[in-house]
Amino acid sequence: MTRGGRWVAKFLLTSVLPILCLAALAWLSHGPAWAWALATLGFCLVAMVRSRQLSMLDAWLDAPDGSEPPAGVAGGKVFRKLTRKLRQDLRGREVVEARLRSFREAMDAVPDGLVILDSSHQIHWSNRAAGAHLGIRLPRDTGAIIEHLVRTPGFAEYLSSPDAETPFVLQSPAARTRVYTVRVVPLGERNKLVVSLDVTDARRVESMRSTFVANVSHELRTPLTVVSGFLEHFAEDGVLDTEQRQQFARLMSDQTARMLTLVDDLLTLSRLEAEDAPASEEDVDMADLLAQLLAEGQSLSEGRHRLAVSCEGPGVRGNRKELHSAFGNLVSNAIRYTPAGGSIGIEWRVRDDVATFSVRDSGVGIAAEHLPRVTERFYRVDRGRSRETGGTGLGLAIVKHILLRHQASLAIESEVGEGSTFRVVFPAWRLQPAVSGAA
């Protein structure tokens with residue numbers, strides 16, 4: 001017997017059969033009128049009870065709260081099974097919703113833009129990155145045609161016949177300074193997946209590389225041209241006398257030394273960029289280091305400037321060779337760009353756990369618009385003056401990378417005609433506990 005048949009049999013035994021038995025007894029004792037009346041009344045009561053129970057069940061189904069069905073509902077076993085089924089469906093739906101939320105969060109965390117299109121290029125779904133890349137916002141743009149939102153010339157043609165080898169390049173509608181590449185991937189039989197990738201940094205690095213190669217070539221061309229020209233004269237017998245040969249040899253030696261300095265600076269900068277931290281660190285005695293910087297500065301100045309040194313507070317922990325290189329670059333720059341008779345102050349000071357190394361000069365100064373870029377490779381405020389002073393254009397770039405490796409920062413204060421101050425600030429944890437002597 002089927003489940004439906006068993007339920008009908010149970011209903012007949014528990015509800016219909018008792019009424020018929022009572023009606024039969026009434027027939028035998030009081031006649032057929034009483035039997036029919038009793039049977040009618042019994043079936044009416046059963047109908048009313050069933051109607052009431054079904055009404056209660058209907059109200060429970062409209063707003064199920066996970067509780068048991070109302071007490072006394074007919075077919076309790078059946079409805080208990082219905083309750084279990086509803087609970088299983090509810091748990092299954094919660095699991096699916098949780099997975100869907102997790103999937104959406106994961107897709108929103110992806111840095112690449114993702115957009116799902118149908119065969120008509122209508123937007124079905126997109127992640128958060130697509131909003132930044134392509135200006136798409138959901139649910140506002142759900143069902144919109146993507147070509148109406150991304151109006152870059154050639155984009156519609158690319159969507160119609162995408163090139164799997166060559167991505168489409170566009171600028172973001174939201175931020176014109178960003179550059180993106182777009183690829184189209186088939187998704188199912190009719191849909192498409194549009195993937196956008198931010199290539200701004202890669203383009204910037206490529207531009208920097210090209211600029212760097214051009215700058216190096218330009219810096220090497222001048223001394224090589226000078227040396228090549230002098231060598232042509234040396235190759236001709238009798239053209240140059242002894243004094244001219246000596247003069248040309250001296251000039252070639254100067255140009256060769258300049259090229260060697262440039263190559264050394266390039267190698268130093270390359271090493272600094274390839275390593276995140278100094279190979280070794282030690283406790284650097286700042287009084288001794290500043291005394292060495294003073295001696296080197298006096299040798300470079302040759303008595304043309306007034307140099308003063310002040311050292312107060314403990315030393316610092318770091319790579320002494322690198323710090324010497326960074327501080328030496330700052331001192332040599334101050335000497336090169338300060339006219340004869342000017343003053344240069346070198347200072348190490350520790351106040352309230354803030355360690356500061358500073359070089360102050362009374363030189364030509366730097367205009368405000370140049371300050372943000374003076375630490376770029378080969379950037380010069382005055383290219384002609386820099387070459388006259390023997391600079392390679394890499395000194396401050398080396399300083400910047402050394403300070404980054406020591407978690408220090410560089411601040412520059414300057415005014416044209418009034419001089420400049422280069423200030424290096426170290427974090428407190430790099431200070432030595434012991435106090436160095438004053439220089």
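- Put simply, CG on Leu300 and CD1 on Ile344 are 8.5 Å apart, with the number rounded to the nearest 0.5 Å.
- Counting non-hydrogen atoms of other residues, nucleotides and ligands closer than 6.0 Å to CZ of Arg99 gives a total of 12 or fewer.
- Side-chain atoms of Ser119 and Arg190 form a donor-acceptor pair, as typed in the model, at a separation below 3.5 Å.
- The main-chain N or O of Ala334 is found under 3.5 Å from a side-chain atom of Thr338 such that the two form a donor-acceptor pair.
- Put simply, the side chain of Thr152 never gets that close to the backbone of Phe155: no donor and acceptor are under 3.5 Å apart.
- Ring geometry for Phe357 versus Phe327: interplanar angle under 30°, hence parallel rather than tilted (30 to 60°).
- Of the inter-residue distances, the one linking Ile335 atom CD1 with Ser299 atom OG reads 9.0 Å to the nearest 0.5 angstrom.
- Put simply, the side chain of Leu323 reaches to within 4.5 Å of the side chain of Val316, judged on heavy atoms.
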- Go through Glu281 and Arg430 one step at a time and tell me if the side chain to side chain contact (heavy atoms under 4.5 Å, CB included) criterion holds. CA-CA 11 Å; Glu281 294 187 356; Arg430 280 200 171 271; 3.0 Å; yes
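- Considering CG of Leu294 and CG of Leu289, their distance stands at 11.5 Å, rounded to 0.5 Å.
- Contact of the Ile402 side chain with the Leu404 side chain is not registered, since no non-hydrogen atoms from C-beta on lie closer than 4.5 Å.
- Atom CG of residue Leu117 and atom CG of residue Asn191 lie 8.0 Å apart, to the nearest 0.5 angstrom.
- At least one donor-acceptor pair closer than 3.5 Å links the side chain of Arg304 to the backbone N or O of Ser301.
- From Leu410, atom CG reaches atom CG of Leu403 across 6.0 Å, with rounding to the nearest 0.5 Å.
- Of the residues Val185, Val182, Ile136, the one that meets the side-chain contact (heavy atoms from CB on, under 4.5 Å) test with Val194 is Val182.
- The backbone N or O of Asp112 sits less than 3.5 Å from a side-chain atom of Asn127, completing a donor-acceptor pair.
- No donor-acceptor pair closer than 3.5 Å links the side chain of Arg360 to the backbone N or O of Ser420.
- When each of Glu376, Glu369, His370 is checked for a side chain to side chain donor-acceptor pair (under 3.5 Å) with Arg373, only Glu376 meets the rule.
- Although no hydrogens or angles enter the test, the distance criterion places a donor-acceptor pair under 3.5 Å between the side chain of Asn319 and the main chain of Ser280.
- Contact of the Phe422 side chain with the Glu413 side chain is not registered, since no non-hydrogen atoms from C-beta on lie closer than 4.5 Å.
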- Message: The test is side chain to side chain donor-acceptor pair (under 3.5 Å); show your working for Gln88 and Arg93 and say whether it passes.
- Response: CA-CA 8 Å; Gln88 291 174 359; Arg93 185 175 65 185; over 6 Å; no
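- There is no side-chain donor-acceptor pair under 3.5 Å between Glu322 and His401.
- Between the side chain of Ser332 and the backbone N or O of Gly328 there is at least one donor-acceptor pair closer than 3.5 Å.
- Looking at every heavy atom in both residues, Trp348 comes nearest to Ala355 through CH2-CB, 3.6 Å.
- Judged purely by atom type and a 3.5 angstrom limit, Ser414 uses its side chain to pair as donor or acceptor with the backbone of Ile366.
- Between the side chain of Thr256 and the backbone N or O of Met252, at least one donor-acceptor pair lies under 3.5 Å.
- Side-chain contact check for Arg178 versus His133: every heavy-atom pair is 4.5 Å or farther apart.
- Between the side chain of Ser362 and the backbone N or O of Ser343, at least one donor-acceptor pair lies under 3.5 Å.
- Proximity of Val424 to Leu330: side-chain heavy atoms (C-beta onward) are separated by under 4.5 Å at one or more points.
- Tested against Ile123 for a side-chain contact (heavy atoms from CB on, under 4.5 Å), the candidates Ile116, Thr142, Leu149 yield a single pass: Leu149.
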- In sequence, state the C-alpha distance, the side-chain angles, and the governing distance for Gln122 and His148, and then conclude on side chain to side chain donor-acceptor pair (under 3.5 Å). CA-CA 10 Å; Gln122 289 183 324; His148 295 171; over 6 Å; no
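- Counting heavy atoms from C-beta on, the side chains of Met286 and Glu312 never come closer than 4.5 Å.
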